[in-house]
Amino acid sequence: MQTHTLSVGGMTCAACAARVQKAISKLPGAENVVVNLATEKASFSYDPDVLRLAAVKEAVIKAGYKILDAASADEDKARKEKAVRVLWIKFIISAVFALPLLYIAMAPMIKFIRLPFPWGLDPMNFPLLYAIAEIALVLPCIAVGYRFYTVGFRALAMRSPNMDSLIAVGTTAAVIYSVWNTFQIAGGNFAAVDSLYFETAGVIITLILLGKSLEARAKGRTSEAIKKLMGLQPKTAIIIDKDGTEREISIDDVEINDILLVKPGAKIPVDGVVVDGHSAVDESMLTGESIPVDKRAGDKVYAATINVNGALRFRAEKIGSDTALAQIVKLVEDAQSSKAPIAALADKVSGVFVPIVIAIAVAAGAAWLVGTRDLEHSLTIFVSVLVIACPCALGLATPTAIMVGTGKGAENGILIKGGEALETAHKVETIVFDKTGTITEGKPKVTDVLGETAANDELLSLAASVEKLSEHPLGIAVVEATSTVYEASEFESVTGMGVQALVNGRLVKVGRAVYANADKSIGDRLADEGKTPLFISIDDVYAGVIAVADTVKPSSIAAIEKLHKLGVSVAMITGDNAKTAAAIAKQVGIDTVLAEVLPQDKANEIKKLQSDGNCVAMVGDGINDAPALAQADIGIAIGSGTDVAMESADIVLMRSDLNDVPTALKLSKATIRNIRQNLFWAFGYNVVGIPIAAGVLYLFGGPLLNPIFAAAAMSLSSVSVLTNALRLKAFKA
């Protein structure tokens, strides 16, 4: 199976998204179809041996929608800005005609104050001129809102009505009824002047266009994070030819192994490895980390990061869609196109929403007609029910919150791979951290130097002089801890004991207690603290001990404190011995220690925790963490980890800062809370609004809802859902 995403144009509400999803799902070979109204994307898996992409596109077009060409970030932005601009122009044109139309329709009805009114249009004296003037004013409104009719009636004919169908049927009913009464006036029935509803159609179209304009503008803001990411990559690069000449080329012309030059202040065009130069690089747009990172020969650099001071020459290693930036953009796009399980109810309702509303409108209108014998009254009910119903709010409730939530995460260096991961994260009760490289730095460092017969600095220099000739990781830590290293000779490694060499004419031994003639009890205290003691003797006389340990990351203690405040229990899993693991756990405040666990058994330990009914998250960085990350309800990989770990994870922390773990959980809670608010408003609005429009209040002596107010309420419902989703942009870690 292959996965593919299409950009679909023409979707206006949840019913449209449901229709496109149904059209693709019916095709043989198509699976896992997800259509997102907010992003205008249709994602699906398909078997290329059974189904061709051309057939999928044809099915979408047959359903009444169009396939949008793949566009760059700039082109996509320009297309959406143009769409918003066109909507605003249409709204302004419609408003210019609808306002005077509303005035001449309502002014004669206001008895308590005499408003200025054109004498030649007085409905009592010139009813036919009055009706013709209203027709002249409503026609431009209908013209700019023509799309509601072309799309709405076509969807109705295809037995898949949408929001446009509701508007088209409602306003058409009002206009046809008014045109009929205009003919009545022309025939001498002047009383029919009181039965004109042209202003209802004109104002409804105007208000819907206003709502659509505000909605389009707000939808554009929900995807600002992805636009920022997509717009980061520079358009050109400076290539160094084999003869040493420099020339500027398009980013699309860069090939792997090209040598590129990045000047101070410029953006790095593609991913690569530095071959010459030294500089600090601002990687905040990828990691969220504000402090520039030093880069020298052999270090990796990434597309769209900013070279701060020195010039760098680097070899291109990843280009186009393979760069880290492109992968992040793809990951965020996929996440924004996905659906959270919480959206399932809204999806089911959306599929049948519009037909049910039309049925309610017809039933309510017919019931009032039978009960009152008043055609105007029943028409008002019919139009109000059609216009107040809002499938848009239902369709936008979940995807807009997910778009803003995942975008906000990306801004903070937290990449959330989909709606399901975002929803599950807020349920986490237990988090399991891998120890090495996750809670700890993953690299041994000297923590203590305890000189007995030699000064600490001298002891460290002598030990480093011997260990420099060794390749042991603990020895490397000793060498890195001092800048003074002497020449050593006659190096010898004694298996299971330690190493020795002559340094300045003295025999220096580094290793186990017995090897250095030391008291073993000195090292026991250090071992209880999770440290490895290296004993040193000089000319077979014990001289002191150096302790080496994989030190705890500065962020670990703070992160675990925050998790405890969120009510999450914290466990640590490691292959290390129980004593070392317990020492690390004590330092950082871990609740549960799972020590001496083999890599292949880590996933089983996660299963055991899940068997108690806990929602478990796993945080790791290595290849051996991948099975556990996949087994956990939520896998969280830190950005410094392997590609395999990040591929297996649901959330990736680009900064490798464990403080981002509680931030990810808090972001999940905030997003799910926002989705619930949106769904409550969308369902609540329709549950309350439709009965009111159907005349339930009027039945008990209350007011009758005017279709114009119904249209205003409908437009505001979608905007309110979007505005609520945009509040997530204010989320702070």
Does [atom1] in [X] sit with more than 12 non-hydrogen atoms of other residues, nucleotides or ligands closer than 6.0 Å?
X    : atom1 : value
Y698 : OH    : no
K57  : NZ    : no
K427 : NZ    : yes

Hey, are the side chains of [X] and [Y] touching, using non-hydrogen atoms and a 4.5 Å cut-off?
X    : Y    : answer
L166 : V387 : no
V50  : L27  : no
F97  : T206 : no
L53  : F44  : yes
K408 : T671 : no

To the closest 0.5 Å, what do you measure between [atom1] ([X]) and [atom2] ([Y])?
X    : Y    : atom1 : atom2 : result
E411 : T406 : CD    : OG1   : 10.5 Å
F709 : I388 : CZ    : CD1   : 11.5 Å
I672 : K669 : CD1   : NZ    : 10.5 Å
Y146 : K90  : OH    : NZ    : 4.5 Å
I61  : E58  : CD1   : CD    : 7.5 Å
K732 : N412 : NZ    : CG    : 11.0 Å

- List the steps, then state whether side-chain contact (heavy atoms from CB on, under 4.5 Å) holds for V56 with Y46. CA-CA 10 Å; V56 179; Y46 72 103; 5.7 Å; no
So [X] and [Y], would you call those rings parallel, tilted or perpendicular, with 30° and 60° as cut-offs?
X    : Y    : result
Y177 : Y197 : tilted
F91  : W88  : perpendicular
W368 : H377 : perpendicular

Donor-acceptor pair, [X] side chain versus [Y] backbone, under 3.5 Å?
X    : Y    : result
T150 : R147 : yes
Y130 : N125 : no
S668 : H426 : yes
T200 : P707 : no
S384 : I381 : no
S213 : L209 : yes
S45  : T3   : no

- Step-by-step side-chain contact (heavy atoms from CB on, under 4.5 Å) determination, F353 to N686: CA-CA 10 Å; F353 183 83; N686 284 295; 3.3 Å; yes
- Task: Applying side-chain contact (heavy atoms from CB on, under 4.5 Å) between I651 and each of I414, T424, L422, report the one that passes.
- Result: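 One option only clears the test, and that one is I414.
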- Residue of the set N674, I675, L728 for which side-chain contact (heavy atoms from CB on, under 4.5 Å) holds with I402: I675
Could you pull out the closest heavy-atom pair between [X] and [Y], with the gap in Å?
X    : Y    : answer
T380 : L705 : CG2-O, 3.9 Å
K41  : T5   : CD-CG2, 3.7 Å
R19  : A63  : NE-O, 3.1 Å
V20  : V8   : CG2-CG1, 4.3 Å
T400 : A725 : OG1-CB, 3.7 Å
I135 : F198 : CG1-CZ, 3.3 Å

- Message: Whether R85 and E81 form a salt bridge (side-chain N of Lys/Arg under 4.0 Å from carboxylate O of Asp/Glu) is what I want to check.
- Response: no
- Message: What verdict does the side-chain contact (heavy atoms from CB on, under 4.5 Å) test give for V362 and F382, after you've listed the backbone C-alpha separation in whole Å, the side-chain angles of each residue and the deciding distance to 0.1 Å?
- Response: CA-CA 6 Å; V362 171; F382 176 71; 3.9 Å; yes
- Message: I'd like to know whether L101 forms a side-chain contact (heavy atoms from CB on, under 4.5 Å) with V203, so could you lay out the CA-CA distance, the side-chain angles of the two residues, the decisive distance to 0.1 Å, and finally the verdict.
- Response: CA-CA 8 Å; L101 173 61; V203 175; 5.8 Å; no
